[in-house]
Amino acid sequence: MRLIQVLILLMVSGLCSAQHSNHQLYQAYLNRDMSVWEEYIVEAKWDSLSIDMQKQLLNYEYGFSAYILGENADKAREFIARFENHLEDLKDALPIARYHAYMASVHTYKLRLDKAHMIANAKLLYAHVNRALELDDQDALVLSMKGNVEFYSPFGSKKKALEYFQKADSIYGNHCEEYEQWNHRAVEMNIEMCKEKLKK
C-alpha cells in the first residue's frame with residue numbers, strides 16, 4: 001500500500017512538472033499567454049529546487065517581471081521583489097557578469113516603478129550593466145541587457161543596440177540552454193525593432 005502511494009505521488013509530481021516544461025513555457029511566450037509563466041513561478045518551491053533549476057526559474061522570473069510591469073504595477077512589485085531575493089540567493093552560484101546583468105534589470109524595473117528614486121536607480125542600472133560587459137562580453141544575456149539599455153535609454157544609441165543584439169543572437173545561435181529559447185527569440189525581435197527604428 002505504501003509503495004502504491006509513493007508511485008501515485010511520483011506520477012502526480014511528474015504531471016505537474018510536465019505542465020511547466022520548457023517547451024510549454026516557450027510556446028506560452030510565443031502565444032503571449034504569460035499566465036502559464038505566472039503559474040510556474042508561483043507554484044515553484046524555491047528551497048526544494050536544485051541550483052540548476054533555480055537558475056532556470058530565475059531566468060523566467062526576469063522575463064515575467066518585465067512583462068507584468070507593463071500590466072499591473074502592484075503585482076509587478078511582488079514579482080520583482082521575488083526575483084531580486086532569488087537573485088541574491090544565487091549570487092555565489094551565478095557567473096558574476098550574469099549576476100550584474102540581472103541586477104541591471106532589477107534597477108531597470110525599479111526605475112519604472114519608483115519615480116522618487118529615479119536617478120539612484122539609473123546610476124545603479126548603468127553601473128551594473130557596464131560592469132557585466134567588462135567582466136564578460138561573450139555572455140548573450142549580458143549583451144542583450146546592454147542592448148536593451150542602449151535601445152530604451154533616451155541617451156542610448158539604436159545603432160549600438162543593434163550591434164549588441166546581433167552579437168547576442170550569434171552566441172545564442174551557437175549555444176542556448178533550453179530554458180533560454182525565449183531569450184533568444186526576444187533578441188531576434190529586438191533586432192527587427194532596431195532595424196525598423198534605424199530605417200526611420
Enquirer: Could you walk me through whether T108 and M145 pass the side-chain contact (heavy atoms from CB on, under 4.5 Å) check?
Expert: CA-CA 10 Å; T108 301; M145 191 63 214; 3.5 Å; yes
Enquirer: Under the side-chain hydrogen bond (donor to acceptor under 3.5 Å, both in side chains) rule, what pairs show up with a residue in residues 155-167, not counting sequence neighbours?
Expert: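 Listed once each, the pairs would be none.
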Enquirer: Return the minimal non-hydrogen interatomic distance between Y40 and Q56, and the atom names on each side.
Expert: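 What the structure gives for the nearest pair is OH-NE2, 3.2 Å.
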Enquirer: Should the pair F79 and F64 be assigned to parallel (<30°), tilted (30 to 60°) or perpendicular (>60°) ring geometry?
Expert: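 Plane angle over 60°, so perpendicular.
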Enquirer: Measure across F165 and G147 and return the closest heavy-atom pair with its distance rounded to 0.1 Å.
Expert: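 Residues F165 and G147, closest heavy atoms: CZ-C, 3.3 Å.
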Enquirer: Under the rule for salt bridge (Lys or Arg N to Asp or Glu O under 4.0 Å), what residues qualify as partners of E88, not counting sequence neighbours?
Expert: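 Partners of E88 under the salt bridge (Lys or Arg N to Asp or Glu O under 4.0 Å) test: none.
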Enquirer: Between the side chains of Y26 and E180, is a donor N or O closer than 3.5 angstrom to an acceptor N or O?
Expert: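 The answer is no; no qualifying pair exists.
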Enquirer: When you group the ILVMFWY residues by side-chain heavy-atom contacts below 4.5 Å and let the links chain together, are L25 and L49 in the same group?
Expert: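 Cluster IDs for L49 and L25 match.
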Enquirer: Using a distance-only test with no angle check, is there a side-chain donor-acceptor pair under 3.5 angstrom linking N22 and W182?
Expert: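 Not at all, the side chains of N22 and W182 share no donor-acceptor pair under 3.5 Å.
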Enquirer: Is E150 paired with K146 through a side-chain N to carboxylate O contact shorter than 4.0 Å?
Expert: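 Here K146 pairs with E150 in a salt bridge, since their nearest N and O are under 4.0 Å apart.
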Enquirer: With a 4.5 Å heavy-atom cut-off, do N130 and V149 have their side chains touching?
Expert: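 SC-SC contact between N130 and V149 ruled out.
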Enquirer: Measure the spacing between OG of S65 and CD1 of I41 and express it to the nearest 0.5 Å.
Expert: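 Result: 6.5 Å between the selected atoms.
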Enquirer: Taking the side chain as every heavy atom from C-beta outward, state whether R131 and L135 have any atom pair closer than 4.5 Å.
Expert: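 Heavy-atom side-chain distance check passes, below 4.5 Å.
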Enquirer: Can you confirm whether I51 sits close enough to L90 that some side-chain heavy atom of one is under 4.5 Å from a side-chain heavy atom of the other?
Expert: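 When only atoms from C-beta onward are counted, L90 and I51 do touch, with a gap below 4.5 Å.
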Enquirer: What pairs meet the ring pair (Phe, Tyr, Trp, His ring centres under 6.0 Å) rule with one or both residues in residues 110-153, with sequence neighbours excluded?
Expert: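 Passing the test, one end in residues 110-153: H100-H128, H107-H128.
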Enquirer: Do V42 and Y29 share a hydrophobic cluster (ILVMFWY, side-chain heavy atoms under 4.5 Å, transitive)?
Expert: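 Yes, V42 connects to Y29 through the hydrophobic network.
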Enquirer: How close do A168 and S144 get, heavy atom to heavy atom, and via which atoms?
Expert: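 Minimum heavy-atom separation between A168 and S144: CB-N, 4.1 Å.
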Enquirer: Are W37 and Y60 near enough that their ring centres are under 6.0 Å apart?
Expert: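 Yes: the rings meet the under 6.0 Å criterion.
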Enquirer: Let me check something: any side-chain donor-acceptor pairs from residues 169-178 under 3.5 Å, sequence neighbours excluded? List them with distances.
Expert:
| unit_1 | atom_1 | unit_2 | atom_2 | d |
| --- | --- | --- | --- | --- |
| D169 | OD1 | H184 | NE2 | 2.7 |
| N174 | ND2 | S170 | O | 3.3 |
| H175 | NE2 | E177 | OE2 | 3.4 |

Enquirer: Under the salt bridge (Lys or Arg N to Asp or Glu O under 4.0 Å) rule, collect the residues that match up with E196, sequence neighbours excluded.
Expert: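 In terms of salt bridge (Lys or Arg N to Asp or Glu O under 4.0 Å), with neighbours along the sequence ignored, E196 is linked to K199.
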Enquirer: For the residue pair A132 and A97, what are the closest heavy atoms and their distance?
Expert: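 Heavy atoms of A132 and A97 come nearest at CB-O, 3.3 Å.
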Enquirer: Looking only at the side chains, is there a donor atom on one of D33 and S35 sitting less than 3.5 Å from an acceptor on the other?
Expert: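 Judged by distance alone, the side chains do pair up.
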Enquirer: Which heavy atom in A122 sits nearest to a heavy atom in L111, and how many Å separate them?
Expert: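 Closest approach of A122 to L111: N-CD1, 3.9 Å.
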Enquirer: With hydrophobic residues grouped by side-chain heavy-atom distances under 4.5 Å, do Y62 and L113 end up in a single group?
Expert: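 Yes; L113 is reachable from Y62 via cluster members.
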Enquirer: Evaluate the side-chain proximity of V142 to D137: yes if any heavy-atom separation is below 4.5 Å, no if none is.
Expert: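 Not in contact.
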Enquirer: Hydrophobic clusters here meaning ILVMFWY residues chained together by side-chain heavy-atom distances under 4.5 Å, can you tell me if V36 and L69 are in one?
Expert: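 They do share one cluster, since a chain of ILVMFWY contacts under 4.5 Å joins V36 to L69.
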Enquirer: For the residue pair N183 and L141, establish whether any side-chain heavy-atom pair is separated by less than 4.5 Å.
Expert: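 Yes, at least one pair of side-chain atoms sits under 4.5 Å.
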Enquirer: Could you give the distance from OG (S153) to CG (L125), rounded to the nearest 0.5 Å?
Expert: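 That separation rounds to 8.0 Å.
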Enquirer: Would you list the pairs meeting side-chain hydrogen bond (donor to acceptor under 3.5 Å, both in side chains) in which at least one residue belongs to residues 76-87, sequence neighbours left out?
Expert: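 For residues 76-87, and leaving out neighbouring residues, the side-chain hydrogen bond (donor to acceptor under 3.5 Å, both in side chains) pairs sorted by first residue read E61-H86, D74-R77, E84-K110.
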Enquirer: Does some side-chain heavy atom of Q54 sit less than 4.5 Å from a side-chain heavy atom of D89?
Expert: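 No, every pair of side-chain atoms sits at 4.5 Å or beyond.
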Enquirer: Decide whether Y102 and N59 meet the rule of one side-chain donor and one side-chain acceptor closer than 3.5 Å.
Expert: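 Looking only at side-chain atoms, N59 and Y102 do form a donor-acceptor pair, the distance falling under 3.5 Å.
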Enquirer: Quick one: are I80 and I68 in side-chain contact, heavy atoms under 4.5 Å?
Expert: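 I80 does not reach I68 side chain to side chain.
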Enquirer: To the nearest 0.5 Å, tell me how far Y67 OH sits from M34 CE.
Expert: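 Reported value, rounded in 0.5 Å steps: 7.0 Å.
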Enquirer: Using side-chain heavy atoms (C-beta onward) and a distance below 4.5 Å, is L30 in contact with Q27?
Expert: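 Contact flag for L30/Q27 side chains = yes.
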Enquirer: Find the distance between CG (L143) and CG (L133) and round it off to the nearest 0.5 Å.
Expert: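 Separation between the atoms: 6.5 Å.
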Enquirer: Answer yes if L124 and I96 sit in the same cluster of Ile, Leu, Val, Met, Phe, Trp and Tyr residues linked by side chain heavy atoms under 4.5 Å apart, and no otherwise.
Expert: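 The answer is no; the residues belong to distinct hydrophobic clusters.
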